[in-house]
> 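Below is one structure. I have some questions about it.
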Number of protein chains: 2
Amino acid sequence: MIPVIPDRPRFPTRAVDPIPNYAGRMGESGNRLDGREYQSWRAFHRMHDQLSLALNQHLQRDAGISEPDFQVLAALAEAPGQALRSRELREELQWEKSRLAHQLRRMEQRGLVLRDDCPEDARSATVRITDTGLAGVRTAAQAHAALVRELFFDALTPAQLDAFDEAGAAVIERLRQRCPAEAP
Amino acid sequence: MIPVIPDRPRFPTRAVDPIPNYAGRMGESGNRLDGREYQSWRAFHRMHDQLSLALNQHLQRDAGISEPDFQVLAALAEAPGQALRSRELREELQWEKSRLAHQLRRMEQRGLVLRDDCPEDARSATVRITDTGLAGVRTAAQAHAALVRELFFDALTPAQLDAFDEAGAAVIERLRQRCPAEAP
DNA sequence: GTAGTCTGGTTGACGCATCAACCTTTGGGA
DNA sequence: TCCCAAAGGTTGATGCGTCAACCAGACTAC
């Protein structure tokens, strides 16, 4: 639950720039994002959100599954024996454990995967893809890959893609250093 | 609701590469993503998800608000009169109308914004930021900008940032062309 | 072998996002 | 004037993601 704004001293009521240190209209100094940074930041989010939306809609239409469904199914389909322990799946996807638990519950209800006991560790379970799940991921795979290529890779020059990769690696590394608890 | 896998012919049961056209282990041909593309694609998503998580956690801790809260509050705080009609807010944020309606309902319940009737159009409403909301966005703004800079901009070289911008613009343009209905 | 801790996993609550259905007002036209 | 389509907005259902709390089996120390 989102708490209410914490207690804090009130600002004076005279007219000042209302959010003086975010992306304000003044050009100078400090921690504020300048106009160019602000535009870049918003463009990054728009790109991600719109890509994600388009891919989800197409997956949904073509195969009746979502992107998270697809990620799980693809990981399982590629696994030896087309099954993985939850722990392994979690590492593969880099998901939080409760996220995976919820996702698997929904997918199990829809018959895309099933879970049975793990012989080596009684706490764990083996997640197995069903025929239905396999059919779904196969239906989705080609069209999904084609769309990712069309909307993302084909829009980028090789140099842009290189820079993109390096930038992504740099940001992830920075996150790992600065927020170690939050970026496992 | 997510429909079940649609009716379709069954694949032969002999052992084949389980998802033959996504990101398989074979190097060749076709619509499949190759290994490098696949890695880039996953890295992009990881970067986005982890950035988003870290920013949300810090906003939550520092000011008790979420990223969507912050976006709405920042837009309102910068608006003339610190108020906007829903329509304008929606254009500013590029959000779907029901998304905004839900978000404003939650924020109104928590006292961050309020809505009153719009004199010019009886269908519409004027969204106004409250003192509580203003306090929240002010508390959040500097720390948020600093974190965005630290985790994102400071991790990138100028050349990477340029490439990032160009890439983002290219992808958004491609989306606009190919999925016009889905990228308003 | 018993206690304490660690690890793998589940659950419930809640905010976020999308979709589809719906309501009201507006603004044209016939 | 009356009708009707389009626009602005809301609502309910449902999937997704996080957090905090919890549970049970496994490991370690003693």
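Lettering of chains follows the sequences in order, A, B, ..., and the numbering in each one begins at 1. Quantities reported herein were computed from a predicted structural model and do not represent experimental measurements.
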> Please report the shortest heavy-atom distance between A:L114 and A:T130, naming the atom on each side.
CD2-CG2, 3.9 Å

> Partners of A:R123 by side-chain hydrogen bond (donor to acceptor under 3.5 Å, both in side chains), sequence neighbours excluded?
A:D121

> DNA chain D: B:A125 or A:R106, which has the more 5' nearest nucleotide?
B:A125

> Write down the distance between CZ (B:F70) and C1' (C:dG15), rounded to a whole number of angstrom.
18 Å

> Between C:dT11 atom P and A:Q103 atom CD, what is the distance in whole Å?
15 Å

> Mapping A:R90 and A:D49 to their closest nucleotides on DNA chain C, which lands nearer the 5' end?
A:R90

> Rounded to the nearest Å, what distance is computed from the CG atom of residue B:L55 to the P atom of nucleotide D:dG17?
18 Å

> Could you check how far CG of B:L104 sits from C1' of D:dT11, rounded to whole Å?
14 Å

> Return whichever of A:S86 or B:L100 has its heavy-atom-nearest nucleotide of DNA chain C closer to the 5' end.
A:S86

> Just the rounded figure in Å: distance from C1' of D:dG15 to CD of A:E67.
14 Å

> Just verifying a value: how many Å separate A:D49 CG and B:H48 NE2, rounded to the nearest 0.5 Å?
5.5 Å

> So, are B:E120 and B:R85 salt-bridged, with charged N and O less than 4.0 Å apart?
yes

> Measuring from atom OG of A:S66 to atom CE of A:M107, what distance do you get when rounded to the nearest 0.5 angstrom?
7.5 Å

> Between D:dT14 atom C1' and A:M107 atom CE, what is the distance in whole Å?
16 Å

> Could you state the atom-to-atom distance from CD of B:Q60 to C1' of D:dT18 in whole Å?
10 Å

> What's the shortest heavy-atom distance between B:L84 and B:A75, and which atoms?
CD1-O, 4.1 Å

> List in chain and number order the residues that pass side-chain hydrogen bond (donor to acceptor under 3.5 Å, both in side chains) with B:E173, two or more places apart in sequence or in another chain; answer none if no residue qualifies.
B:R176, B:Q177

> Reading nucleotides 19-27 of chain D from the 5' end, what letters show protein touch, with B for base, S for backbone sugar-phosphate only, - for no heavy atom under 4.0 Å?
BB----BS-

> Tell me the interatomic distance from A:N56, atom CG, to C:dC19, atom P, rounded to whole angstroms.
9 Å

> Is the shortest side-chain N/O distance from A:S66 to OP1 or OP2 of D:dG15 below 4.0 Å?
no

